[in-house]
Amino acid sequence: MDNEQITAWLRENNRTELDKLWIRADSVRKENVGDDVYLRGLLEFSNVCSRRCIYCGISADVKDCRRYSMTEDEILQSAQFAADSGYGTVVLQSGENKKLNTQMLADVITKIKAKTSLAITLSVGEWPCDIYKLWKQAGADRFLLRFETSDDKLYSKLHPDCKIGVAERYEKLEMLRDLGYEVGSGVMIGVPSQSFESLADDIIKIRELNLHMIGTGPYVPHWKTRLTENLADFLLDTENQVPANEEMAYKVMALIRILCPKINLPATTALATLNFEQGYENGLKRGCNVVMPNITPVKYRKLYNLYFGKACKKADDFEIEIKQRIKNIGRTIGAGRGDSLKFTEEVAGKV
Ligand code: SAH
């Protein structure tokens with residue numbers, strides 16, 4: 001599919017045509033990665049951030065955001081909870097805190113690996129190669145770093161503290177791959193200034209990058225960010241601006257599954273925020289094969305406030321509920337780590 005064809009899908013509103021897209025994505029998913037849904041415990045271990053991304057509610061620019069960092073013991077306890085809940089992976093996510101004790105994080109990684117059989121995914125932003133290497137050697141398996149948009153001008157506006165533009169993200173993704181990480185990236189859908197053609201370029205870039213996993217979700221505003229304060233300067237006219245809605249997110253996920261059949265594709269938290277009741281299920285029926293339940297302790301969860309309305313209440317026994325919801329749509333819970341098929345095939349090809 002080229003930019004024109006992808007753009008046509010993104011602009012498609014005919015229900016019958018869209019049903020065809022959902023069915024195609026679902027069958028590509030089933031043929032390639034099967035019915036298993038893998039669960040990842042998402043632990044937001046700190047909201048301290050040195051970066052100034054203008055869309056993000058925990059950016060250093062958001063002055064009245066109360067900051068927290070979980071202690072080593074708290075992180076270990078949460079990881080144990082993920083293991084006890086039968087999740088194969090814990091995702092350690094945080095702001096990009098330049099004062100982070102990088103050795104402490106390495107020690108935590110080693111301890112989690114010693115105590116559990118969890119795979120560990122990091123989502124902690126941009127770091128020099130030697131730090132990525134330190135964490136890999138400590139036992140980290142995977143890394144998530146979205147490139148957010150492939151439009152270089154927009155990337156620079158969204159990240160006023162970036163050095164050269166989106167190329168620096170691609171460089172980090174390459175670095176992570178070379179270090180042996182299973183690598184994930186993705187974009188925000190419907191961020192102000194994003195045109196249909198630009199989003200189609202993002203999808204093409206996602207395929208080109210040969211990623212192992214792809215995390216994309218709708219942009220959701222946060223009132224106190226610079227982007228929201230200057231919204232009128234960013235929004236394109238309604239003909240051209242990609243809407244940040246649920247259906248657009250499903251279109252993007254379905255197209256990604258069709259173009260990258262063997263990747264892991266989560267139905268993300270932002271999607272579940274737009275549709276609390278059925279967001280996960282709809283994503284899973286339209287190409288996704290991963291769900292990332294939030295396991296951050298509730299007292300911190302409400303402070304990891306990336307955007308407005310982010311699901312912060314802890315449903316009682318969500319661990320049990322989500323498994324039932326997955327079974328209700330005829331899917332099975334994946335056992336084990338749930339490595340990306342794209343990654344395992346690549347590794348097998350190398351030996
Ligand atoms: N500091 C890490 C983790 C950031 S949070 C990093 O920079 O990689 C993870 C993701 O949340 C980001 O990559 C971004 O795509 C998403 N995010 C941030 N603000 C958002 C918003 N307002 N709406 C939707 N997604 C958002």
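Residue indices begin at 1 and follow the sequence shown. Worth saying up front: this structure is predicted, and the values here are computed from it rather than measured.
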- Item | Set of residues satisfying salt bridge (charged side-chain N to carboxylate O under 4.0 Å, His left out) with respect to Arg142, sequence neighbours excluded | Glu182, Asp339
- Mind checking salt bridge (charged side-chain N to carboxylate O under 4.0 Å, His left out) for Lys327 and listing every partner two or more places apart, or none if nothing turns up? none
If only side-chain N and O atoms count, and only distance matters, is there a donor-acceptor pair under 3.5 Å linking [Y] with [X]?
X      : Y      : result
Arg301 : Thr296 : no
Arg169 : Tyr155 : yes
Ser69  : Ser46  : yes
Gln194 : Tyr219 : no

I need the minimum non-hydrogen distance between [X] and [Y], along with the two atoms involved.
X      : Y      : result
Leu306 : His222 : O-CB, 3.7 Å
Asn32  : Val28  : ND2-O, 2.8 Å
Ser198 : Asp151 : OG-CB, 4.0 Å
Ile109 : Ala138 : CG2-O, 3.5 Å
Pro192 : Phe234 : CB-CB, 3.6 Å

- Message: Between Glu246 and Leu271, is the side-chain contact (heavy atoms from CB on, under 4.5 Å) condition met? List the steps.
- Response: CA-CA 7 Å; Glu246 212 186 323; Leu271 189 57; 4.1 Å; yes
- Task: Check the pair Phe147 / His159 against ring-ring contact (aromatic ring centres under 6.0 Å, His included), numbers first and verdict last.
- Result: CA-CA 11 Å; Phe147 62 87; His159 305 96; over 10 Å; no
- Message: Any side-chain to backbone donor/acceptor pair from Asn264 onto Gly338? Under 3.5 Å, distance only.
- Response: yes
- Query: Is the shortest distance from a Lys or Arg side-chain nitrogen in Asp141 or Lys136 to a carboxylate oxygen in the other one below 4.0 Å?
  - Reply: no
- For the pair Phe318 and Tyr280, name the ring-plane relationship: parallel under 30°, tilted 30 to 60°, perpendicular over 60°. tilted
- Does Phe143 have its ring centroid less than 6.0 Å away from the ring centroid of His212? no
